[in-house]
Amino acid sequence: MPDVVIPVLDEAAALPALLAAMPAGYQPIVVDNGSTDGSGALAASLGAAVITEPRRGFGAACWAGLRGADGPDGVVCFMDGDGSLDPADLPRVAGPVLDGEADLVLGARRPTRRGAWPLHARAANALLAIELHRRTGVHLADLGPMRAARAAPLRAVGINDRRSGWPLEMVLRAHAAEWRITEVDVPYAPRTGRSKVTGTVRGTVRAVVDMGRLLT
């Protein structure tokens, strides 16, 4: 029964379908990171646990959710709350961790249609993955947002970034701790509504700058 941390900022349009698709036994923890569209209240009305994190930043929201995760099997998953990822894929991502075959599993995004993953965002992600491999030897096709690990070790591994560098720092810290890291393919659909990060060039640049600092 893994917990599923879902950071959100104005994702009310996507949350009903996303939470309804959550696999049996997977417990959603929605972290409201300053929404003005009632995302937090909506998620609570739909049965999700809700944490309010006033400090803006993807990493801040993920860290707040991780601190609140206490699933009985000790595993925590992460996924975006914009409708681009299907909760039905969570068991494939969490499975290797639950079975003791891996310590960190990432979902490698595979676009389901043209435009699901903007070209500038895909290119930036590919460059970061190449640099990650060059510096650490870790080979990943994607630094995607759907992932799974054991909550207690993840809290202890020392992730400090509270902005867009969080996904990369998680991998860097896991590698330094000699974790077994792997990935599985997951479908990636067009998001519901307007993206705050990868859907805009400015947001993508900000994410690359945050992650680039971790590779210097």
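Numbers for residues simply follow the sequence, beginning at 1. Hydrogens, waters and symmetry mates play no part in the numbers below; they use all other heavy atoms, side chains included. For clarity, every value in this text was computed on a predicted model and none was experimentally measured.
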Engineer: Between Y188 and L85, is there a side-chain heavy-atom distance shorter than 4.5 Å?
Structural biologist: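 In contact.
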
Engineer: Any heavy-atom pair between the side chains of F58 and N33 that's under 4.5 Å?
Structural biologist: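 No. Closest side-chain heavy atoms not under 4.5 Å.
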
Engineer: Nearest heavy-atom pair of L15 and S39: which atoms, and what distance?
Structural biologist: CD1-O, 3.6 Å

Engineer: Within the structure provided, determine whether P153 and W179 are in side-chain contact (heavy-atom separation under 4.5 Å).
Structural biologist: yes

Engineer: Could you check whether any side-chain N or O of N125 sits under 3.5 Å from a backbone N or O of L143, counting only pairs where one atom can act as donor and the other as acceptor?
Structural biologist: yes

Engineer: Taking all atoms of both residues into account, what is the closest heavy-atom pair of D142 and G107, and its distance?
Structural biologist: OD2-O, 3.6 Å

Engineer: Specify the closest pair of heavy atoms between P16 and A12, including all atoms of both residues, with the distance to one decimal.
Structural biologist: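 Minimum heavy-atom contact is CD-O, 3.2 Å.
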
Engineer: Test R147 against every option in M170, M79, E183 by the side chain to side chain contact (heavy atoms under 4.5 Å, CB included) rule and name the one that passes.
Structural biologist: M170

Engineer: CZ of R162 to CD of E169: how many Å apart, nearest 0.5 Å?
Structural biologist: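 If we round to the nearest 0.5 Å, R162:CZ and E169:CD are 8.0 Å apart.
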
Engineer: Atom CG in D37, atom CG in D32: separation rounded to 0.5 Å?
Structural biologist: 8.0 Å

Engineer: To the nearest 0.5 Å, how far apart are CD in E11 and CG in L42?
Structural biologist: 11.5 Å

Engineer: Between atom CH2 of W117 and atom CZ of R110, what is the distance when rounded to the nearest 0.5 Å?
Structural biologist: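 It comes to 7.5 Å.
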
Engineer: Contact between F78 and L66 at the side-chain level, heavy atoms closer than 4.5 Å - yes or no?
Structural biologist: yes

Engineer: Show the numbers, then the answer: is there a side chain to side chain contact (heavy atoms under 4.5 Å, CB included) between I51 and V30?
Structural biologist: CA-CA 6 Å; I51 295 173; V30 172; over 6 Å; no

Engineer: Is a side-chain donor or acceptor of R67 paired with a backbone partner of R155 at a separation under 3.5 angstrom?
Structural biologist: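 Flag not set: sc R67 to bb R155 has no pair under 3.5 Å.
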
Engineer: Side-chain contact test, heavy atoms from C-beta onward, threshold under 4.5 Å: evaluate it for L132 versus V171 and give yes or no.
Structural biologist: yes

Engineer: Okay, side chain of T192, backbone of A14: is any donor-acceptor separation there less than 3.5 Å?
Structural biologist: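 No; zero donor-acceptor contacts below 3.5 Å.
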
Engineer: Does NE2 belonging to H139 count more than 12 external heavy atoms closer than 6.0 Å?
Structural biologist: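 Open: at most 12 neighbouring heavy atoms sit under 6.0 Å from NE2 of H139.
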
Engineer: To check you understand the geometry: which heavy-atom pair defines the closest contact between P7 and A61, and what is its length?
Structural biologist: CB-CB, 3.6 Å

Engineer: Just do the side chain to side chain contact (heavy atoms under 4.5 Å, CB included) check on C62 and V31 with the steps written out, would you?
Structural biologist: CA-CA 8 Å; C62 288; V31 184; over 6 Å; no

Engineer: Contact between V138 and L140 at the side-chain level, heavy atoms closer than 4.5 Å - yes or no?
Structural biologist: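 Yes, their side chains come closer than 4.5 Å.
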
Engineer: M146 vs D89, test: side chain to side chain contact (heavy atoms under 4.5 Å, CB included). Steps then yes/no.
Structural biologist: CA-CA 9 Å; M146 182 178 278; D89 295 312; 4.1 Å; yes

Engineer: How close do L98 and P2 get, counting heavy atoms only, and between which atoms?
Structural biologist: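 Looking at all heavy atoms of both residues, the closest pair is CD1-CG, 4.3 Å.
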
Engineer: Would you check if C77 and Y26 make a side-chain contact, meaning some heavy-atom pair closer than 4.5 Å?
Structural biologist: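 Yes, side chains in contact.
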
Engineer: Looking only at atom types and distance, does a side-chain atom of D86 sit under 3.5 Å from a main-chain N or O of A88, one as donor and one as acceptor?
Structural biologist: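 Here the side-chain-to-backbone pair exists.
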
Engineer: Show the numbers, then the answer: is there a side chain to side chain contact (heavy atoms under 4.5 Å, CB included) between L128 and I130?
Structural biologist: CA-CA 5 Å; L128 286 167; I130 290 169; over 6 Å; no

Engineer: Quick one: does any side-chain atom of R150 pair with a main-chain N or O of D73 as donor and acceptor, under 3.5 Å?
Structural biologist: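 Judged by distance alone, yes, a pair lies under 3.5 Å.
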
Engineer: Below 4.5 Å, heavy atoms only, C-beta onward: do L154 and L104 meet side chain to side chain?
Structural biologist: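 Of all side-chain heavy-atom pairs linking L104 with L154, none is under 4.5 Å.
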
Engineer: Quick one: closest heavy-atom pair of A116 and T112, and the distance?
Structural biologist: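 For A116 and T112, the tightest heavy-atom pair comes out as CB-N, 4.5 Å.
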
Engineer: Indicate yes or no for a side-chain donor-acceptor contact from D3 to the backbone of D70 under 3.5 Å, with no hydrogens or angles considered.
Structural biologist: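 The answer is yes, because a donor-acceptor pair under 3.5 Å joins these two groups.
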
Engineer: CG of L9 to CG of D82: how many Å apart, nearest 0.5 Å?
Structural biologist: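 Spacing of CG (L9) from CG (D82) equals 11.0 Å.
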
Engineer: Rounded at 0.5 Å granularity, tell me how far CH2 in W166 sits from CG in D161.
Structural biologist: 9.0 Å

